[in-house]
Every structure is written in structure tokens, then in C-alpha cells.
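Data first, discussion second: the structure below is written as C-alpha cells.
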Amino acid sequence: MTNRPGAELARRPLHFFLLADCSGSMAADGKMTALNTAVREVLPLLAETSQGNPHAQVTVRAIGFGRGAWWHVETPTDPDDLVWEDLHPGGYTDLGAALDLLAGALTVPPMEERALAPAVVLVSDGMPTDDFTDALERLLRLPWGARTVRMAVAIGQDAAYDTLTHFIGDPGLSPVTASNPEQLVMALRWATVHVARAASSLATAPPPPPRLAAAWAPGEDEDVIW
């Protein structure tokens, strides 16, 4: 079937941002390796979300944070075209710096006036080592910052669950948690689908699997490694 002329032009940009904790603690027990693997598994899902929505064109960017913050993927990239380079751990947990870097991308320009609400997923295994609270307030004072749809993935029992909950900013939502590589893939997949669908005004993602829905609380038969 031939697409209707002009249909592609009608699609609105949906900017997806991943904020990835690259602190030194992410080197323990293969957390960083598992996160890199999980991101590679999630990219096709984002591509499907974009291809299945006639109104939204999803692009991906990524920020790493440890000692400071940096763009790991700075150019908005179609998820089908993104070749994910491994992140490497080391340093602190400067989440506030990551939020300030994100804020710089949420102004007009470079944000398009007709864009959909930006979608942001934060993944972290620890507590911020810089001024996270003030940085979040600065982000939310921006018109596009206030419109962001935010979700967080907590890695292991040492993750700052209250901080991640504050980042989400929705009393009806809690961070999804992971205590091993398999759960991290599941958690990141769910978080990604949730924010992408919510930002594009599609139906929200189904509830996360029960073992990911609450704070770190392994079952008796679960092999916990984080």
C-alpha cells in the first residue's frame, strides 16, 4: 500500500533520552555489561514503537554520568540506525550534572515546537553524589522539562529508591527494579515502552511483572546477585 502523500511529514518528533549511571559501583558483578546488553535489546523495541505509530517519529539520545556527565549519543538517532557503543564505569554518581546536560537539550531550539513530550528513562544503582534536587528543579522549570515523561530503573539493593521516585514525580508510579541481568532487561524494556507510549499519547504499557513492580525484595527462590 502506498503511504498517503505528506503522511511522513505529519509525524511529530518524540525524543527518547536514556540517563545511564556509569559510577564505579556499576563495575561490580557485571552491572555495566548487563546494562549495555539491555540497551541493545531495547533498541528494536523503540524502533517498533516508532514504526507502529503514524503520529510519532522516535529518536534516541543517551547521557552517561559518573564523574560529571557527558553525551554518549548526542545526535537524535533513529533506533534502527543506532549502533550502541559500550558504556564504561568509573567515578561518582553525578546525576545532577546529567539532568543539567539534559536541560540544555530541552530548549527551543534545539527542541522542535511541534515535538511530542520528551521521554526519559533513568537507570542507576546508587545515590547521587552531587546536587540532584536543585538540578531536577531547574529541569522542571523549563517548559519542555515540565512536560517530560519520566521513569526510573533501580539496579540492586543499594539504589536510592526514594531519589528515583522523586525523579519520576508521579505518585501513581514507582521505579522498576532489577537484581540480576535478566531482570534488568525486563525492567528496561518495560520502562522504555511505558515512557514512549505515554509520551506519544498511546495506551500506557501493561503493569510491570510483579517481581519488578516493588522495591528490591527478592523471593526465596531467586538467585540474587546485586
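A quick note: this is a predicted structure, and the numbers were derived from the prediction, not measured.
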**Complete:** Which of V120, V42, V121, V60 passes side-chain contact (heavy atoms from CB on, under 4.5 Å) with L18? It is V121

**Message:** As a quick check of understanding, evaluate side-chain contact (heavy atoms from CB on, under 4.5 Å) for W226 and L184, giving each step before the final call.
**Reply:** CA-CA 11 Å; W226 294 337; L184 180 55; 4.0 Å; yes

**Item:** Note, H72 side chain near E85 side chain (heavy atom, < 4.5 Å)
**Value:** yes

**Asked** Is any side-chain heavy atom of F132 closer than 4.5 Å to a side-chain heavy atom of M127?
**Response** no

**Request:** Supply the atom-to-atom distance S200 OG to Q57 CD, rounded to the nearest 0.5 angstrom.
**Result:** 12.0 Å

**Prompt:** Do you know which two heavy atoms are closest between R147 and A117, and how far apart they sit?
**Reply:** O-CB, 3.3 Å

**Item:** Test side-chain contact (heavy atoms from CB on, under 4.5 Å) applied to L122 and R150, step by step
**Value:** CA-CA 8 Å; L122 165 64; R150 303 180 300 280; over 6 Å; no

**Request:** Consider only side-chain heavy atoms of I, L, V, M, F, W and Y, link residues closer than 4.5 Å, and tell whether M111 and L19 are in one cluster.
**Result:** yes

**Asked** Is a side-chain donor-acceptor pair under 3.5 Å present for S25 with S23?
**Response** yes

**Heavy-atom side-chain proximity of D125 to D158 below 4.5 angstrom** = no

**Asked** Does one hydrophobic cluster hold both Y92 and I155, with members joined at side-chain heavy-atom distances below 4.5 Å?
**Response** no

**Message:** Minimum heavy-atom separation for V176 and A191, please, with both atom names.
**Reply:** CG2-CB, 4.4 Å

**Smallest separation among heavy atoms of A187 and V153, with atom names** = CB-CG1, 3.9 Å

**Message:** To the nearest 0.5 Å, what is the distance between CH2 on W144 and CD on E112?
**Reply:** 8.0 Å

**Request:** Indicate yes or no: at least one non-hydrogen side-chain atom of T163 is less than 4.5 angstrom from one of P128.
**Result:** yes

**Donor-acceptor pair, side chain of S50 and main chain of A47, under 3.5 angstrom** = no

**Within-4.5 Å side-chain heavy-atom neighbours: N53 and R197** = no

**Asked** With respect to R189, which candidate in V193, T192, V185 satisfies the side-chain contact (heavy atoms from CB on, under 4.5 Å) definition?
**Response** V185

**Message:** Let me confirm one number: the CD1-CG distance from I225 to D29, rounded to the nearest 0.5 Å.
**Reply:** 6.0 Å

**Request:** Go through the steps for M26 and L87 under the test side-chain contact (heavy atoms from CB on, under 4.5 Å), then give the verdict.
**Result:** CA-CA 10 Å; M26 287 291 290; L87 288 162; over 6 Å; no

**Request:** Answer whether the closest heavy-atom distance between the side chains of W70 and I63 falls below 4.5 Å.
**Result:** no

**Message:** On a heavy-atom basis, which atom in P44 and which in R40 lie closest, and how many Å separate them?
**Reply:** CD-O, 3.2 Å

**Message:** How about CZ on R61, more than 12 heavy atoms from neighbouring residues, nucleotides or ligands closer than 6.0 Å, or not?
**Reply:** yes

**Asked** Hey, what do you get for CG (L116) to NE2 (H55), rounding to the nearest 0.5 Å?
**Response** 10.0 Å

**Asked** Are V73 and L46 connected in a single hydrophobic cluster, I mean Ile/Leu/Val/Met/Phe/Trp/Tyr linked by side-chain heavy atoms less than 4.5 Å apart?
**Response** yes

**Message:** Using only atom types and a distance under 3.5 Å, with no angle test, would you say the side chain of D130 pairs donor to acceptor with the backbone of G96?
**Reply:** yes

**Complete:** The reported gap from CG in L95 to CG in L136 (rounded to nearest 0.5 angstrom) is 8.5 Å

**Item:** A115 to H15 - nearest heavy-atom pair and separation
**Value:** CB-CD2, 4.4 Å

**Item:** Considering all heavy atoms, the nearest L164-A154 contact
**Value:** CD1-CB, 3.5 Å

**Message:** Between I168 and S174, is there a side-chain heavy-atom distance shorter than 4.5 Å?
**Reply:** no

**Request:** Would you check if E41 and T37 make a side-chain contact, meaning some heavy-atom pair closer than 4.5 Å?
**Result:** yes

**Asked** For the atom pair CG (D134) and CG (L99), what is the distance rounded to the nearest 0.5 Å?
**Response** 11.0 Å

